[in-house]
Amino acid sequence: MERTFSAFGAGLLFGLGLLVSGMADPGKVLAFLDVTGRWDASLVLVMAGAVAVSAAGTLLARRRGRPLLASRLEIPTRRDIDPRLVGGAAIFGLGWALVGLCPGPALTLLTVAPAQAATFVAAMVAGMLLVGLLMPTAEDADASKRSRAGP
Amino acid sequence: MDGFTPVSALLGGMMIGTAAALLLILNGRIAGISGIIGGLIGRPSGETGWRAAFLAGLVLAPLLYRLAGSLPAVTVDASVPRLAVAGLLVGFGARLGSGCTSGHGVCGLGRLSPRSLVATGTFMAVAILTVLVARHLAGA
């Protein structure tokens, strides 16, 4: 139960941060990506502030070893650069730049610009499901075999 | 340079970083939005409670913000087909590339993950190039 509350609080703070920083405004995101136009550098500072605090949090979490409300830290350990990573990031960048929306801000805008955000989020969820259908990882394939075979 | 808002940008960024730090220190989890959504759809992982709660917080944040003052102006200048295509690409790309602006950008860069450095560099470069083509070369 505590873990649900703490996650809700973290989500709330994350969303407030998106609103305060301007990251939730697609117009501002596009102005940041428009380096040869009337460039708005604000998002450099958003990223700098976010990464600095997140880095401090990671150090603290690793030093403690065990999270306060869970049994262990779940931090990705892979270090290999594969085509899925680079291709996925490139496709993500293309989609991000078409409207100026990425997953977090799209969810936060659901209550601000409902029609547009809902269209984007529905398509985004469809895109995520498509990856599982068209290009499943070995892990996904195992899981789906298991679920078809029943418990 | 237009509309430069350094104070709110830095403050808001630090709030985002604090949220990511809290989720890691308390729950031991990475605040990667696409990963959290991904864990809720497709195969159920039995870890749906905290994921749904985090996303609910994200969605409800504007309502809390409104208690303190009026919401900042938001410009979503895109047609429905453009929103749909963009959403599809963002969802597909984030899932395929194991992360988005939050997971790779905020959390991954924060722990100097080589995969996140490459992913963030790639999506930033492609996004900047896309805006350059769409706004200045194609005139769209």
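Remember, predicted model here, so these are calculated numbers, not experimental data.
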A side-chain contact here means heavy atoms from C-beta on lying under 4.5 Å apart; do [X] and [Y] qualify?
X	Y	value
A/Phe120	B/Val76	no
A/Leu107	B/Ile37	yes
B/Leu10	A/Val46	no
B/Val90	A/Pro103	yes
A/Leu18	B/Leu58	yes
A/Met128	B/Ile41	yes
A/Ile75	B/Leu24	yes

B/Met124 atom CE, over 12 foreign heavy atoms within 6.0 Å: yes

Which answer fits [X], side chain, backbone, both or neither, if we ask what part of it has an atom under 4.5 Å from a heavy atom of chain A?
X	result
B/Asn27	both
B/Ile25	both
B/Pro72	side chain
B/Val59	both

Spacing of OG1 belonging to B/Thr130 relative to CH2 belonging to A/Trp96, to within rounding of 0.5 Å: 10.5 Å

A/Leu94 CG to B/Phe123 CZ distance, which is reported to the nearest 0.5 Å: 13.5 Å

Hydrophobic cluster (4.5 angstrom, side-chain heavy atoms) - remaining members for B/Val7: none

Which portion of A/Leu109 sits near chain B, non-hydrogen atoms under 4.5 angstrom: side chain

Side-chain donor-acceptor pair present, A/Lys28, B/Thr5, cut-off under 3.5 Å: yes

Within residues 54-72 of chain A or reaching into it, pairs that qualify as salt bridge (charged side-chain N to carboxylate O under 4.0 Å, His left out) - sequence neighbours excluded: A/Arg72-A/Glu74

Shortest non-hydrogen contact from A/Phe14 toward B/Ser102: CZ-CB, 3.8 Å

Largest heavy-atom contact set with chain B, pairs under 4.5 Å, which of A/Thr58, A/Asp80, A/Leu110: A/Asp80

Donor-acceptor pair, side chain of A/Ser54 and main chain of B/Val106, under 3.5 angstrom: yes

